[in-house]
Structure formats: C-alpha cells, structure tokens
Amino acid sequence: MEDKKLIFSGIQPTGTFTLGNYIGAVRNWGPLQDEYNCIYCVVDMHAITVRQDPVKLRQNTLNSYALLMACGIDVEKSILFIQSHVKTHAELNWILCCNTQFGELSRMTQFKDKSQKHPDDINAGLFTYPSLMAADILAYNADLVPVGVDQKQHLELARNIAQRFNQRYGDFFTVPEPYIAEIGAKVMSLQEPTKKMSKSDENPNACILILDDKDTIIRKCKRAVTDSEAEVVYREGKDGINNLMTIYSSVTGKDFAAIEAEFAGKGYGDFKIAVGEAVADHLEPVRSEFARLIQDKAYLKECYTAGAEKALRYSQRVLNKVYRKVGFVDKG
Ligand code: TYM
C-alpha cells in the first residue's frame, strides 16, 4: 500500500442503511479514498450479538456490501470486505479481550441500551462487542476511524486498549483517532428529534432508509415533528428544524445562513417538501447503482473475495507480531 495514513471503518449489515448511517459515516468514506489508504468492512460478526434470522443476515450482508459500492467505495482504491471472511479479527479479539476490563465494558452505553432492549439475550458477545470493534481497527494499525458520534465511546475504549497493550508489551499499536464530520455526525429521529435516527425505531416514519423511494422519503419528511413556530432558523430548542436543516445542508451543500434566507417567510410545509425532494434526488444515483450491482452476484463475489484476501494478508502480519509480543510460540 502507498505511504499514506490508514483509515478503517465498518458498518452493520442492516441491508439498507439509514440516512443517519449515510450522512454521519458512509457518504464520507468515498471522498477519503484519494487522500488515505482505506479499509472498509461489513461487520456481520457484530450483527449476531443480537438475534438474526440467518437467511436475512446473509442477504443483508450482501446488500450492504453492494450498497457500500453504490455509495462510492471503489474496490480498486480501497479494501472492501466482509468481517467474517477474515479470521484475524476474531483471533485478535481474544487477545484484546484479555486486555480489556469488565468494568470498562460495563460502562458502555450501547451495551446498556441493547441489554435493556433485549433483556432475554444479554450474551457475552454483546458485552465484548467493543473489543471486537477494537480488533477490527487495531488489526490494521489504523490511524483514523470515520464514524458518527454514537460510536465515539467505543473508539475511546479502542484507544485505551491499544495504550494498555503498548504499556504492557512495548509500543506496537497505533492509537486510532476518531474522524467525525462537523455536520451530520448525529442525525436525529424525524419523530423524536432528541433521539438519534435508528433503523430499530418502532415508528417507520422516524427513519429514512437510503433505498426508500422518492414518495416515501417526501412523506416521511412531511410528517417530521417540528415545533409550534413557523420560522426556518437554526436555534437551540428547535430540535426538529435543526435536524431537517442539517439533513438539507448535507445533501445540498448549502450552509445554515443560506437555508434560512431561502425559506424566510415560508412555512414549514414548503421546507419539509424541499428537504424530502433534495434527499431523494441526492440518493437517486445510489439507488440506481445499487439496483445494477445487486443483479451481478458473480461480480460481487469476485470483489468481496479479493477484498478479504487483501485484508487477511495485511492483518495476518500484524497478528503474527502480536502473537510474538504476548509470548506465543512461533508456528515455524
Ligand atoms: P453502525 O452499523 O450502527 O453504524 C454505521 C455508522 O453510521 C453511524 N451512524 C450515525 N451517524 C449519524 N447519525 C446517526 N443517526 C447515525 N446512526 C449511525 C455510526 O456512528 C457508524 O459510524 N460498531 C459500529 C460498526 C463497527 C465499526 C468498527 C466502526 C464495527 N467495527 C470499526 C468503526 C470501526 C456500528 O455498529 O455502527
């Protein structure tokens, strides 16, 4: 690989990403490919920390892979693979688990949230989820990790694990930095704009999916919860409008002042339709590219097989050194 900084990021295979996934993370991954060496992955092993239907998981993983390509990840420029295809992640995870404290994992807000949501299945994988995420990143000694705000705590933990390992065994891991977009790092629910937009929301109107058709996107925007004023301005307390302005800004490139000027004297109704149209138009090329790619299973297989080979070659070298450091006997 060229001598550039290394980026790593991953996404769970929900099949079709949310507008939050897209604006907060995935849309930034493509443009980073020219400046950095980039490694991206569909994290199917993380996905099974909550119950999955195996048939759907397989389908969703393939869809997610194709969707990342449709969102601009170029397999000639980046390494794009499926997590379970690269065994070093699970192997490094074990070493990192042995360097992660019970107390640290218990403090993770995502673990607490998901335990509450699935009280009948608080499994060990859910608990050690952040250690596997650290393994994803550290297996490549990544410098930067582009994520949305909700993953910041996990990234802090990955940094702590790397630092602890370095102290115990001598400097080895690069301590990764978060790379968080200024606008859109936390896209909020359209129905409860103090909560992050998430596919697991029970109300389907809360969340735009990037494969939603134009009418659906406009309908969801029209129903977005706002406030009782009638002024399109970005101001504290106007969570719903702030969120719609953030979304509009990220798909049109207009700043908040320009948006306020554009909608001065107009009602929320006009604004919501404009947001819906802008989002749908922005996503149209992604939708059509996805429809094309998903037809070509043989090509997708070629891409993810090659991606996994490259990722394994790279991470195996790192893992071999880690094994030496912790005192495992060389296989020879
Ligand atoms: P996941 O699959 O939940 O989300 C993928 C990316 O989308 C971002 N995101 C959001 N950004 C803004 N607003 C939102 N409403 C929103 N919802 C999601 C997330 O912050 C994330 O960047 N654990 C990770 C996947 C992972 C990973 C990794 C990430 C596994 N290993 C290594 C980075 C590096 C996750 O579940 O993301």
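For ligands, and for the atoms within them, numbers begin at 1 and follow the listed sequence. Hydrogens, waters and symmetry mates play no part in the numbers below; they use all other heavy atoms, side chains included.
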- Query: Any ring-ring contact (aromatic ring centres under 6.0 Å, His included) pairs touching residues 60-79, not counting sequence neighbours?
  - Reply: Tyr65-Tyr304
- Message: If I take atom CZ from residue Arg168 and atom CG from residue Asn99, how far apart are they, to the nearest 0.5 angstrom?
- Response: 5.0 Å
- For the residue pair Gln110 and Asp150, confirm or rule out a side-chain donor-acceptor distance under 3.5 Å. no
With the criterion set at N/O pairs under 3.5 Å, what does the list of contacts between the protein and ligand 1 look like, atom names and distances included?
{"from": "ligand 1", "atom 1": "2 (O)", "to": "Gln12", "atom 2": "N", "distance (Å)": "2.8"}
{"from": "ligand 1", "atom 1": "4 (O)", "to": "Asn21", "atom 2": "ND2", "distance (Å)": "3.2"}
{"from": "ligand 1", "atom 1": "7 (O)", "to": "Asn21", "atom 2": "ND2", "distance (Å)": "3.1"}
{"from": "ligand 1", "atom 1": "11 (N)", "to": "Gly20", "atom 2": "O", "distance (Å)": "3.2"}
{"from": "ligand 1", "atom 1": "13 (N)", "to": "Val187", "atom 2": "N", "distance (Å)": "2.8"}
{"from": "ligand 1", "atom 1": "15 (N)", "to": "Val187", "atom 2": "O", "distance (Å)": "2.8"}
{"from": "ligand 1", "atom 1": "15 (N)", "to": "Met197", "atom 2": "O", "distance (Å)": "3.1"}
{"from": "ligand 1", "atom 1": "20 (O)", "to": "Gly148", "atom 2": "N", "distance (Å)": "2.8"}
{"from": "ligand 1", "atom 1": "20 (O)", "to": "Gly148", "atom 2": "O", "distance (Å)": "3.4"}
{"from": "ligand 1", "atom 1": "20 (O)", "to": "Asp150", "atom 2": "OD1", "distance (Å)": "2.4"}
{"from": "ligand 1", "atom 1": "22 (O)", "to": "Gly148", "atom 2": "N", "distance (Å)": "3.1"}
{"from": "ligand 1", "atom 1": "23 (N)", "to": "Tyr129", "atom 2": "OH", "distance (Å)": "2.6"}
{"from": "ligand 1", "atom 1": "23 (N)", "to": "Gln151", "atom 2": "OE1", "distance (Å)": "3.1"}
{"from": "ligand 1", "atom 1": "31 (N)", "to": "Asp136", "atom 2": "OD2", "distance (Å)": "2.6"}
{"from": "ligand 1", "atom 1": "36 (O)", "to": "Gln12", "atom 2": "NE2", "distance (Å)": "3.0"}
{"from": "ligand 1", "atom 1": "36 (O)", "to": "Tyr129", "atom 2": "OH", "distance (Å)": "2.7"}

- Kindly assign one of parallel, tilted or perpendicular to the pair Tyr129 and His46, based on the angle between their ring planes and the thresholds 30° and 60°. tilted
- Pairs involving residues 192-219, ordered by first then second residue, that meet ring-ring contact (aromatic ring centres under 6.0 Å, His included) (sequence neighbours left out): none
- Query: Can you list the residues that meet the ring-ring contact (aromatic ring centres under 6.0 Å, His included) rule with Phe256, with sequence neighbours excluded?
  - Reply: Tyr234
